[in-house]
Protein chains: 2
Amino acid sequence: MNHMIQGHQLIALKWRKSELGKWRWLLLSSVMISITIYLVPSLQIFGSIGAVSAGLDLGKEGPLVHIGACISSLLAQGGPDNHRVKWKWMRYFNNDRDRRDLITCGSSAGVCAAFRAPVGGVLFALEEVATWWRSALLWRTFFSTAIVVVVLRASIEYCNTGKCGLFGKGGLIMFDVSDVSVYYHLLDVVPVVVIGVIGGLLGSLYNHLLHKVLILYNLINQKGRICKMLLSLSVALFTSVCLYFLPFLAKCSPCDPDLLGTICPSTGRTGNFKQFNCPPGYYNDLASLLHTSNDDAVRNLFSTSTPNEYHPTSLLIHFGLYCILGLFTFGIAVPSGLFLPIILMGASYGRLLGICAAPYTKIDQGLYAVLGAAALMAGSMRMTVSLCVIFLELTNNLLLLPITMIVLLIAKTVGDCFNPSIYEIILELKGLPFLEAHPEPWMRNLTVGELADAKSPVVTLCGVEKVARIVEVLRNTTHNGFPVVDQGVTPPIGAPGCATELHGLILRAHLVAALKKKWFSSEKRRTEEWEVREKFTSVDLAERGMTIEEVIVTKDEMELYMDLHPLTNTTPYTVVESMSVAKAMVLFRQVGLRHMLIVPKYQAAGVPPVIGILTRQDLRASNILTAFPHLEETERKRK
Amino acid sequence: MNHMIQGHQLIALKWRKSELGKWRWLLLSSVMISITIYLVPSLQIFGSIGAVSAGLDLGKEGPLVHIGACISSLLAQGGPDNHRVKWKWMRYFNNDRDRRDLITCGSSAGVCAAFRAPVGGVLFALEEVATWWRSALLWRTFFSTAIVVVVLRASIEYCNTGKCGLFGKGGLIMFDVSDVSVYYHLLDVVPVVVIGVIGGLLGSLYNHLLHKVLILYNLINQKGRICKMLLSLSVALFTSVCLYFLPFLAKCSPCDPDLLGTICPSTGRTGNFKQFNCPPGYYNDLASLLHTSNDDAVRNLFSTSTPNEYHPTSLLIHFGLYCILGLFTFGIAVPSGLFLPIILMGASYGRLLGICAAPYTKIDQGLYAVLGAAALMAGSMRMTVSLCVIFLELTNNLLLLPITMIVLLIAKTVGDCFNPSIYEIILELKGLPFLEAHPEPWMRNLTVGELADAKSPVVTLCGVEKVARIVEVLRNTTHNGFPVVDQGVTPPIGAPGCATELHGLILRAHLVAALKKKWFSSEKRRTEEWEVREKFTSVDLAERGMTIEEVIVTKDEMELYMDLHPLTNTTPYTVVESMSVAKAMVLFRQVGLRHMLIVPKYQAAGVPPVIGILTRQDLRASNILTAFPHLEETERKRK
């Protein structure tokens, strides 16, 4: 019993240490988040800021989320690989779970910084980022975004005194539409439903087309740096030409007498009602949308109580242009986010619909633009609660909430009928090992045993193994975990080698650590607990990133033995071979596993104690379908 | 293989059927929610409405959540047991998973109806109600609350035309403080932190005292109906006396000249600045808080731009009174919610603090009241994101969000240092089998094998079992699942009975259904697949609620055999005996299990294939501690 529990205890020890880190967690995440906020401009300056200020149809939220995640991942490791900070307390975060959590916090901080939406950031992380959620993560991300918003608030306050030039203008709410009273009646539900349905259709169409464009871009980008750059340059050139020349197509409109002289026409860097090529007292509506930053364009489209500001043709041109730009800009070699392009597209189509529905409805056209943006977002990204809160925090109009919810739900439902969300499409395209949230129906007709049979046979180690064999296995495979098999209590006669009972699972990192520590013995024997405790500290085993190539093992040492028992996780999660892949996948995802061992249904002499080992990669629908192409067909026929 | 997969296929079939129900889901939940909204007043009329209008210190959100959950549970079953609606499509919801989901939706609808906070309702369900979350639940609860809010909005619109009398006055936002501009500086963080810390301390103190009071009340309530009623009556009497007579202690204050004549003094049913016993032009500040409904009292406390309305002594009296009432009202035999009492307490202490901090801060006293309420809520209930959103939706002041987040986090952190959340305390007290979210540290030192040893030995059935034995087992035990053991492929000689290999797990409900269907055969043989398909439909197996007492088995039938193979779930989740309880509990909770089988680490002749079966009840910390009292002590010593 003592022997059996050792590995487990060591792992428990490690775990406990990291559990102690609540205060460290708080400290670290606040440091991280503050750094995110302040570092972002300096890191982004060459990429995102350049792209956004060039007027490209890109959002800054994508890069912000990415940078937030990168910084937190780096911090969790103590810094980049070559200049790693070796503070001892930081090492405790150097485990998979805490790193994953920190990355989630970082990305929610990014969303929060981009939209000034703290709760929206938390929910975005919950709904879209994290594949595995636990309750502690909720308050951790919440804490991160709280710090971001406080830092943001302090910066805004500081900058409002005029010390930062144009930087930092504006409040915590980006697209405030709270000044308009929302009156709506039951009949207004009709245009709202229409917005939702069209949003869902357009969103899924956008996903479909973007998928094709991204495949094309991948081919172009693979051809080398010159092609990459030429592509980016031509998109930038096309954008600039369109943005500058298209407003000449629009007619000049006379300013509303109430606004004349005060805000209409405007010639400054920001503002609605741009004068551009028009005589005084007149404004060019298309220029108000195109000759400005993307944020301001959204603000102009969302502007309320301006029912006749935009001609339908101008909106149509704007919508058409941004559909084209939205498809062709994402995917070029520039840091880019998807939120803002979709908001721009959706806002102009919403406002267009608002003009069409104007005779029958009392809802302001600015609110139509908000709803249109929400509908297109939901139609493309398929989020509900987080989008709802992000829009609430962007627009600060609580009374709009009921219709926003309806629009989001309709658009998501319509979109789901056609294709998966844009994120899933991009993940699939990039070949990232993202495990789907739900098992596919055909996964119920396949057992994990069949899945294991289709793979190459599993590589197992013995409880007390020769060093040479361990080094060979580590060098020749890329697996991150190996089942450890052992002789049972009563080894049956004639069983081959040591392979009669499953002892547990050992991680590659632990094997490498043990090799580095020279955990060798000259005889084939099991070690005592005190020996292990003397040799290894919990920090040793938490260390990551070492490779077998860095470890030098002499020829003499190759002949020695290593007792793997104390380093083995004796209670890995196992499933029997007859379990359906669907069920196994639920287990894998819910518990957040990295390896799952498949054991035979009936153990008998001659049957190996482990049939296979499943990883995240093996359980992905597309990978399974490559091995079993008939499955989807059968399922399709059944339908 | 064919035999092995049968049970699994049947269950998969059942599952698939219920998966088809997306549209049914939508339909059913919208029906349910609309019913909730309209039925609630009629069901509540004797309980909650009476209690709230009697001025008891109770909220209506508790009963609303409860009713929402009850209605959805009833709907999922097709109605109450005796008058069950047998619509065929409704039967598909009659499985554990959908029922659980519907209950979650119902409770989120309740919160939404109580606070008119749709997103807050979703997050409340996520953070506090559901023990097992999956992504589909997010949009389902979101859909429920969207329907609630649309129905609410329509009702409000209808009632605003004056057709409902006083009922339905007010908008979607209950405690609107959006009219005040929030200006705050970095220095204002100090009082905000103080509010948070005190909120956390008070909250945990409240939890501690409420625990003691509830224990006392449990003793009183157990003594019979008379005692129960006397207790309720005396609390009601005490409340009424205090509410009426305490305002005589307060001095009359002159009305602000700006408000004189318009809203000060007021004598109507609602309104701030009650005249009560004061001469014209004067108002009694304590009467403004006590001679009114709880909602209005909160509204008065949250009222902004009224810095000198309340004397500190009046607020102190109010705070003291509501501390006492808050402790002694919850737990009497009246439907009651905890939110409003805590908001009342917190608002008066926040406003008190605001008066103290007035010389140093620019934050409005009404906002202090909001922050105080938030702090006390977080200190007692330990929620973060959902509270934050509920407060945002209650007060409609987005600019307050950053400080609300800080206050919530501080209060939660301070409170967590002392005791668990009030919900956990109540759950513990009621002895409900609620599985804790996190394993206790000492659970890592106990294996599931040890836990199984401490229980009575597991009751197993054979793959082909005698009817008499099944009936006997069903009658003499209360277990809901039984492991089915079988002879292995190569039965070793001398193994006792049929117990050599684990075949799977069979549910009590399926056994009863099979007995009722007379699934008997005269010989001890395995059945063919077509026999099963002929005999059982997927609906038969989804049926719940039948007991063994309702099934009549004749004496002759007792001698027959039943083949359990096709009804057995051949791939139950299993863990090896050496797994720590902590790890097993994570699996149990994350995958949402009801039974978990414990298998031996090493299988050998003579070792039973199943060591034990763990249920939710077995994994609860308090139950484990009863069996292993030394564990907590060891853990405490280690610290």
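In what follows, chains carry the letters A, B, and so on, assigned in the order in which the sequence lines appear, proteins first and then strands, with residues in each chain numbered from 1.
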Could you check Val591(A) against Val591(B) for side-chain contact (heavy atoms from CB on, under 4.5 Å), going step by step and ending with a plain yes or no?
CA-CA 7 Å; Val591(A) 189; Val591(B) 189; 3.7 Å; yes
Tyr573(B) six-ring face occupied by Lys583(A) cation (under 6.0 Å, within 45°)
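Flagged: Lys583(A) positioned over aromatic ring of Tyr573(B).
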Flag the one option from Val122(A), Thr404(A), Leu123(A) with the top tally of heavy-atom pairs under 4.5 Å to chain B.
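Going by pairs under 4.5 Å, I would pick Leu123(A).
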Identified side-chain contact (heavy atoms from CB on, under 4.5 Å) partner of Met405(B) from the options Val149(A), Val150(A), Ile147(A)
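Answer after filtering Val149(A), Val150(A), Ile147(A): Val149(A).
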Hey, which of Leu126(B), Asn396(B), Val576(B) has the most heavy atom pairs under 4.5 Å with chain A?
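Result: the option with the highest number of such pairs is Asn396(B).
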Check: Val575(B) and Thr574(A) side chains under 4.5 Å, non-hydrogen atoms
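Not touching, per the 4.5 Å side-chain cut-off.
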Atom CD1 in Ile406(A), atom CZ in Phe143(B): separation rounded to 0.5 Å?
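So the CD1 of Ile406(A) and the CZ of Phe143(B) are separated by 7.5 Å.
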Between atom CE of Met383(B) and atom CZ of Phe142(A), what is the distance when rounded to the nearest 0.5 Å?
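The distance works out to 11.5 Å.
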Applying side-chain contact (heavy atoms from CB on, under 4.5 Å), run through Thr570(B) and Met579(A) and close with a yes or a no.
CA-CA 8 Å; Thr570(B) 55; Met579(A) 189 179 272; over 6 Å; no
Go through Val119(A) and Cys388(B) one step at a time and tell me if the side-chain contact (heavy atoms from CB on, under 4.5 Å) criterion holds.
CA-CA 8 Å; Val119(A) 183; Cys388(B) 186; 4.0 Å; yes
Atom of Leu398(A), atom of Leu392(B) and distance for their closest heavy-atom approach
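Looking at all heavy atoms of both residues, the shortest contact is CD2-O, 3.9 Å.
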Could you pull out the closest heavy-atom pair between Leu409(A) and Trp139(B), with the gap in Å?
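The pair with the smallest heavy-atom distance is CD2-O, 4.2 Å.
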Per-residue contact mode, Val385(A) against chain B (heavy atom under 4.5 angstrom)
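Both backbone and side chain.
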